[in-house]
Amino acid sequence: METIVIVGGGAGGLELATRLGDTLGSSKRAHIVLVDRWPGHFWKPLLHTVASGKCDPQVTELSFSAQALDHDFEFVQGEMLCMDRAHRTITLSPRDGSDGACRVIAYDKLVLALGSITNFYDVPGAAEHALTLDSVADAESFRRRFFDTCTRASESRQPVSVVIVGGGATGVELAAELSNTARALADYRIHTLDPEQDIRITVIERGQHLLPQLEPLQAQRAARHLRSLGIDVLTSTSVASVTQDAVIDAAGHAHRADLTLWAAGVEAPQLCATLGLSTNHLKKIMVDASLRSANDGRIYALGDCANYVCPVKGPAPPRAQVAHQQAMFLADLLARRDDSNRPQFRYHDYGSLISLGQQAAVGALTGPVTGRRYKVGGAAARLLYRLLYQKHLLQLHGVARMVTHTLVDWLRAKVLPPVRLHR
């Protein structure tokens, strides 16, 4: 029985492990192993809700061990350190971060779903002074820093300035949620600051418009909404450096920052560049049309760490829908008994939806047949945005559990405060 090891339990990796466990694992045709350094899964597109305090990850996070038991795969917690292609093994960090011996796992086929990390583009001071949203731990760190900064500023009667570098989905969604959080904390008397005057949130984007994945008119609509919330939006502005208390733009203007969040781009983890596989300038692993590594037919890569170039649309963007489509493609490919006729992956862009806070969203959807783009906004866009997460839950749990999770989340939102009120 062959062993298929999947490294990385993000959106793509966990969906792939679940699907292969339900097919190959349950029928004993293969041993499916999922490796991740964290004990649980959190859907990365919602990290901004953790950073703003809207979501409690301890409630929402999915246990890898529980998912493994329900879907016939094995979960091993640990961080991948290196790979031995000759002996087809990977080496993991010691258990629980102790000083014990490293662990070795053998594979017949290996799928790398390592995700991405923040790309600081060598901007001086950015890595040292800016916070990121690469993980739940990062989001929780930002939330605590924002909470502490507001309470200290309230005691000293000082204003608070938050600068978000990057006007993509992460930066825009976080800015909108932070604005709501500032108001909620004031309503509950957590701080005595005026959320309109004393808490300034600034989004800096080097491009001409926010949200480059949307059409300019949609991006302008999002910018207008942010400004209606009191958020400063600066486009066509490049960042030259970051200090402990300011962001310096290319024109030499200093934007005071008690907190700086960097959301200006991503790259593959450094590990990808150390595995002896071909990578591009962003350390992404080069793969062919079947998502196989260009160097080793037993190794596959998907999601943000893979450099898949569509012959029609070009490089696939670092988005959850790409990881989902690639996971479903590999689930079918790896389950095939006949490996001679290999299908080719094709990415289908179904559009983008961006949350603009609790009551608003904006986006564009692509028709599956015509390929025509349809602009959406208002209540319809907000509903569709919420359904994206339900679709992810559907892939992991099936209909019954997805509906149960949705109902529980709805009830929790009805009885609990809109944001977490404790540090």
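These numbers come from the heavy atoms of this one structure, side chains and all, not from hydrogens, waters or symmetry mates.
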Between Ile354 and Gln213, is a side-chain contact (heavy atoms from CB on, under 4.5 Å) present by the stated rule, with each step listed?
CA-CA 10 Å; Ile354 309 298; Gln213 66 269 46; 3.6 Å; yes
Any sub-3.5 Å donor-acceptor pair from [X]'s side-chain atoms to [Y]'s backbone N or O?
| X | Y | result |
| --- | --- | --- |
| Ser52 | Thr49 | yes |
| Arg342 | Leu333 | no |
| Ser290 | Pro343 | yes |
| Glu205 | Thr235 | no |
| Thr89 | Val104 | no |
| Arg85 | Asn295 | yes |
| Asp194 | Asp198 | no |
| Trp262 | Gly166 | no |

Please lay out, stage by stage, how Arg183 and Ser179 fare under the test side chain to side chain donor-acceptor pair (under 3.5 Å).
CA-CA 7 Å; Arg183 290 172 172 81; Ser179 177; 2.3 Å; yes
Ile164 CD1 to Phe142 CZ distance, which is reported to the nearest 0.5 Å:
6.0 Å
Rounded to the nearest 0.5 Å, the OG atom of Ser355 sits from the NE2 atom of His48 at a distance of 5.0 Å
Intermediate values then yes/no, salt bridge (charged side-chain N to carboxylate O under 4.0 Å, His left out), Lys284 and Glu267
CA-CA 7 Å; Lys284 293 187 175 186; Glu267 63 182 355; over 6 Å; no
Under a plain distance cut-off of 3.5 Å, with no hydrogens placed, do Tyr350 and Gln325 share a side-chain donor-acceptor pair?
no
Are a donor atom and an acceptor atom from the side chains of His348 and Gln321 found within less than 3.5 Å of each other?
no
So does Arg206 have more than 12 non-hydrogen atoms from other groups sitting under 6.0 Å from CZ?
no
Hey, would you say the Tyr308 and Phe345 ring centroids sit under 6.0 Å apart?
yes
